[in-house]
Amino acid sequence: MADTVKLEIGGKASEYPVLSGTVGPDVIDIRKLYGATGAFTYDPGFTSTASCQSALTYIDGDQGVLLHRGYPIDQLAEQSSFMEVSYLLLNGELPSKKELDDFTYTISRHTMLHEQLATFYRGFRRDAHPMAIMCGVVGALSAFYHDSTDINDPKQRMIASHRLIAKMPTIAAMAYKYSVGQPFLYPKNDLSYTANFLRMTFGVPAEEYEPDPVIVSAMDKIFILHADHEQNASTSTVRLAGSSGANPFACIAAGIACLWGPAHGGANEAALNMLREIGTPDRIPEYIARAKNKDDPFRLMGFGHRVYKNFDPRAKVLGKAATEVLDKLGINDPVLDTARELEQIALKDQYFIDKKLYPNVDFYSGVILSAIGFPTTMFTVLFALARTVGWVAQWNEMISDPEQKIGRPRQLYNGPAQRDYVPVSQR
Ligand code: CMC
């Protein structure tokens with residue numbers, strides 16, 4: 001592509017540089033556009049707009065490729081661990097053995113919550129959605145950890161990042177325990193990050209909890225697959241909240257709120273609910289027809305993606321993991337048969353082919369999480385837990401970026417032009 005782009009508005013010409021990244025599409029640098037032309041660009045949903053520079057994650061949506069700091073997600077899911085991927089995202093390079101041990105130790109030292117936070121939980125209704133609890137408790141962390149809220153101090157930023165990664169499993173497990181009326185379990189730091197989370201969730205004080213290596217490995221894989229994903233809605237929310245100088249705990253709470261929506265993190269819950277509603281493979285054609293009907297708002301949940309116009313590479317890993325986990329646990333869930341059949345039918349259907357709709361990460365994750373024993377309301381919580389490392393890495397990257405400014409999109413105003421106020425007696 002040319003290294004500048006010329007634009008003419010109202011007979012006035014201006015020129016804009018074209019910037020290239022390591023890989024991926026070039027971007028037209030329009031920062032001077034308004035000054036030069038008095039015009040804004042219009043891009044609802046930011047489908048054509050790069051909001052920042054980032055060295056964290058890269059997606060090639062047409063090829064179905066996802067890289068974390070350059071490493072393909074399938075290699076990380078098969079060969080790495082969530083702690084190692086967390087280190088990679090935060091620091092840019094894979095750790096040496098010592099660096100990984102030190103990082104894992106540091107995270108394990110931050111797993112406990114301030115004891116008073118347990119009281120905070122009791123303020124929620126028993127039937128509160130765990131995501132509502134997550135938004136509240138994570139936002140409240142800023143009221144408990146004042147010593148790591150100075151965003152201009154890189155050391156405090158790193159402590160806050162470690163705290164968030166370390167405490168999220170404890171917070172998530174407590175949200176679950178609260179909803180089922182069981183006592184909270186304290187973290188046990190001789191267990192791995194993921195085994196510790198499973199114990200705090202499914203263990204009880206009355207007996208020892210033996211983490212099943214098959215489940216620990218599947219859960220760790222799910223955490224890796226959700227760790228980061230470019231400038232998606234919740235990550236952009238975290239960056240936007242952080243751009244005003246808000247503290248990291250408040251920013252991550254904002255990200256959790258955004259993730260909750262059914263078009264984003266809530267889709268795994270919606271996908272499993274949909275598969276259960278379909279029930280048996282013979283009812284699939286009815287749902288395919290509904291998804292294609294313009295007058296029906298129904299969409300195939302777990303299908304389609306803003307960026308992937310090919311298989312979501314995360315769905316490929318999870319499709320395989322779903323079979324492994326269910327086989328190893330000896331679970332025969334008709335939902336998995338329905339999912340496989342639905343995938344095959346949709347992939348051959350012209351509507352889905354034309355619109356490039358493929359299974360996304362949420363299509364199979366619900367099947368695995370349900371087999372492990374999580375209620376559907378916990379699915380998005382697990383997504384939030386895993387995505388926290390991506391959010392904090394992106395937030396740190398933004399704060400350290402000298403080009404960072406407060407996020408402030410413009411608009412195309414289509415309300416009334418200026419008019420005079422009319423007193424109520426004359427209306
Ligand atoms: N089922 C049926 N039709 C669909 C679907 C679907 N799942 N997704 C998109 N379409 C159609 C849509 O109706 C539209 O058709 P038309 O051009 O005729 O109006 C076309 O495909 C493009 O849809 P869009 O909504 O403009 O595409 P988008 O890029 O804005 O939306 C999406 C992406 C993920 C919101 C959407 O595909 C969707 O709602 N999928 C279901 C929800 C879901 O699984 N979300 C999880 C996303 S992955 C997790 C994450 O990374 O957060």
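Position 1 is the first residue of the sequence, and the numbers go up from there. All values reported here derive from a predicted model rather than from experimental measurement. Order of appearance sets the numbers: ligands from 1, and atoms from 1 within every ligand.
In terms of modelled atom types and a separation under 3.5 Å, the side chain of Gln156 and the main chain of Thr149 share a donor-acceptor contact.
Looking at His305, Met274, Met301 and measuring to atom 51 (O) of ligand 1, the nearest heavy atom belongs to His305. In this structure, of Arg299, Glu230, His229, the residue bringing a heavy atom nearest to atom 31 (O) of ligand 1 is Arg299.
Distances below 4.0 Å separate heavy atoms of Gly302 from the following atoms of ligand 1: 43 (C), 44 (O). Per-residue contacts place Ala267 under 4.0 angstrom from the following atoms of ligand 1 (heavy atoms of the residue considered): 43 (C), 44 (O), 45 (N), 46 (C). Taking a cut-off of under 4.0 Å to the non-hydrogen atoms of Asp362, the atoms of ligand 1 that pass are 46 (C), 48 (S), 49 (C). Numbered from 1 in the order shown, with element, the atoms of ligand 1 that lie under 4.0 Å from a heavy atom of Ala291 read 2 (C). Close approach of ligand 1 to Lys355 is summarised as follows: ligand atoms under 4.0 Å from at least one heavy atom of the residue are 11 (C), 15 (O), 16 (P), 17 (O), 18 (O), 20 (C), 21 (O).
A heavy-atom separation below 4.0 Å is found between Leu300 and ligand 1. At a 4.0 Å cut-off, at least one heavy atom of Lys294 sits close enough to ligand 1 to count as contact.
The ring-ring contact (aromatic ring centres under 6.0 Å, His included) test applied to His229 returns His305, Tyr308, not counting sequence neighbours.
In this pair, Tyr176 and Phe374 present their aromatic rings perpendicular. The plane angle is above 60°, beyond the 30 to 60° band.
The part of Arg314 lying near ligand 1 is the side chain, judged by heavy-atom distances below 4.0 Å. Contacts between Tyr351 and ligand 1 below 4.0 angstrom, taking non-hydrogen atoms only, involve the side chain exclusively. Of all the heavy atoms of Leu357, the ones lying under 4.0 Å from any atom of ligand 1 belong exclusively to the side chain.
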Using distance only, find each side-chain donor-acceptor pair of residues 249-269 under 3.5 Å and give its atom names and separation, not counting sequence neighbours.
unit_1, atom_1, unit_2, atom_2, d
His264, NE2, Asn232, OD1, 3.3
His264, NE2, Ser234, N, 3.2
His264, NE2, Ser234, OG, 2.9

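One distance of note links OG1 of Thr280 with CD of Glu341; it measures 10.5 Å at 0.5 Å rounding.
In this structure, atom 21 (O) of ligand 1 has a protein heavy-atom contact shorter than 4.0 Å.
Of all protein heavy atoms, the one lying nearest to atom 40 (N) of ligand 1 is Phe303 O, 3.0 Å. When only non-hydrogen protein atoms are considered, atom 28 (P) of ligand 1 lies nearest to Arg306 NE, 3.7 Å.
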Pair Asn396, Ser161 - check side-chain hydrogen bond (donor to acceptor under 3.5 Å, both in side chains), show working.
CA-CA 8 Å; Asn396 272 297; Ser161 304; 2.9 Å; yes

